[in-house]
2 protein chains.
Amino acid sequence: MARWDPGAEERLKKAALELFTEHGYDNVTVTRIAERAGLTRRSFFRYFPDKREVLFAGSEQLPPAVASAVLAVAPGVAPLDAVLDALTSVGTRLAERVDGGRTRRAVIAASAELRERERTKFAAVTAAIRDALVRRGTDPDTAALLARTATVAFRHAFERWTESDGRTSFAECVDAVVATLRDAFTTRARAD
Amino acid sequence: MARWDPGAEERLKKAALELFTEHGYDNVTVTRIAERAGLTRRSFFRYFPDKREVLFAGSEQLPPAVASAVLAVAPGVAPLDAVLDALTSVGTRLAERVDGGRTRRAVIAASAELRERERTKFAAVTAAIRDALVRRGTDPDTAALLARTATVAFRHAFERWTESDGRTSFAECVDAVVATLRDAFTTRARAD
DNA sequence: CCAAGTGATGGCACTGTGTGTCATAAGGAG
DNA sequence: CTCCTTATGACACACAGTGCCATCACTTGG
């Protein structure tokens, strides 16, 4: 299976992250990334469909992982609980391998283009959750709404967890988010 | 058509929507849009920062409108209620002038690039809500979470309203969404 | 009535993204 | 050693987006 120089994709990802960190996403061309990786511009686009994707490689695994986690929850469990359990489990596993994900986060946060793409990635997770809920028997409309809400909770919990820097577990962050939302909805939301 | 005809921006928006509807977003170049509007490619970019924005012109008014609506709610009202009231009011006004917004929705739905940009527009609304809540005294973390949740509710309610095709009011759609969420959170969410 | 000023536009050149096509080099299978 | 597969290089091209300057229309002051 050995090629010219193995690990071309890894070299491209590494070179991209380094250059983005140093000069900013907008000031780095695909040509420069490819050159640092010992490849040509044309080859870059054989590994990644566009310049943004080099920072999101592997993210296509998240939606199916979440979907199967949702489907793995016991059938009787209420939709929202099923999704929250699934996201807690997936998120915890995800939280374990965040090596160097710190600089990556910073690069994304600094670029409007990358933040835009990141939202698309989360939207894919939302769609996967919705489909999984429908397959569990939830009606499509409720499934879509709960999927969006759960994704919001997931994102928020993850950001919370990142900021707390390992002092709290991811599950605790999810619980805190859910508690806040439950409180907001039960207290007097729309009690006109 | 003389060089100085007024309404250049309107002509560009109209030409773009027509061409996108007919040939699809990806198969239409900026040059063709500009030509149909009686302008040159260069002038298109004087009115819109990029090709996607021609379909989102005016959307920059939404975040400040939502923000002021949130700030206009009586100070004692709970954060979530304040945001929901504000969004109901703004959404109702928004729902009144949806002339031809139908084809626009279809064009956006058909293009991944446009859907991606649309999410950015909603993210701007979320940010505006968050900031407004913070100015109302809500702590920043809760404000961010509720802003995201409220935006989800807003989007979902709007889609519901669009599908119902005028048979229900926008306010009713928001109420239905809130009822669903409250039910999901109160029933037994995370009652481990 | 004319000259200067102002603002929108056209024209042009240029960088950068993304893609199609073909040639080539490297490795493995027979 | 030859054939075949596959990653890669090389080249051409369309299109997005931008900077710069000329030009044209309309306005204002003299």
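Predicted, not measured: the structure shown is a model, and the values here were computed from it.
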Salt bridge (Lys or Arg N to Asp or Glu O under 4.0 Å) contacts in which one or both residues fall within residues 161-170 of chain B, not counting sequence neighbours: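 Qualifying pairs: B:Arg102-B:Asp165.
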Salt bridge (Lys or Arg N to Asp or Glu O under 4.0 Å) pairs, two or more places apart, involving residues 53-73 of chain A: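 Output for this query lists A:Glu53-A:Arg117, A:Glu53-A:Lys121.
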Atom-pair distance (CG on B:Asp26; P on D:dA14), nearest Å: 18 Å
Atom-pair distance (CD on B:Glu35; C1' on C:dT9), nearest Å: 15 Å
Aromatic plane relationship, B:Phe122 with B:Phe154 - under 30° parallel, 30 to 60° tilted, over 60° perpendicular: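 Taking B:Phe122 first and then B:Phe154, their aromatic rings stand perpendicular (interplane angle over 60°).
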Residue pair B:Leu133 / B:Ala147: nearest heavy atoms and the distance that separates them: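 Of all heavy-atom pairs spanning B:Leu133 and B:Ala147, the closest is CD1-N, 4.5 Å.
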A:Thr149: partners by side chain to side chain donor-acceptor pair (under 3.5 Å), with sequence neighbours left out: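 For A:Thr149, no residue satisfies side chain to side chain donor-acceptor pair (under 3.5 Å) once neighbours in sequence are set aside.
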Side chains of residues 16-25 of chain B: which donor-acceptor partners sit under 3.5 Å, not counting sequence neighbours?
from: B:Glu18; atom 1: OE1; to: B:Arg36; atom 2: NH1; distance (Å): 2.8
from: B:Glu18; atom 1: OE2; to: B:Lys14; atom 2: NZ; distance (Å): 2.8
from: B:Thr21; atom 1: OG1; to: B:Leu17; atom 2: O; distance (Å): 2.6

Nucleotide-resolved protein contact map, nucleotides 16-22 of chain C, B/S/- at heavy-atom distance under 4.0 Å: SBBBBB-
Secondary structure of DNA chain D in dot-bracket form (Watson-Crick or G-U wobble, distances below 3.5 Å, | marking inter-strand pairs): ||||||||||||||||||||||||||||||
Phosphate OP1/OP2 of C:dT9: any B:Tyr47 side-chain N/O under 4.0 Å: yes
Phosphate-side-chain proximity, B:Thr40 and C:dG11, N/O vs OP1/OP2 below 4.0 Å: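 So the side chain of B:Thr40 is outside the cut-off, no N or O lying under 4.0 Å from OP1 or OP2 of C:dG11.
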Separation of B:Leu114 CG from B:Phe56 CZ (nearest 0.5 Å):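 Result: 5.5 Å between the selected atoms.
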Donor-acceptor contact present, side-chain B:Ser89 to main-chain B:Asp85, <3.5 Å: no
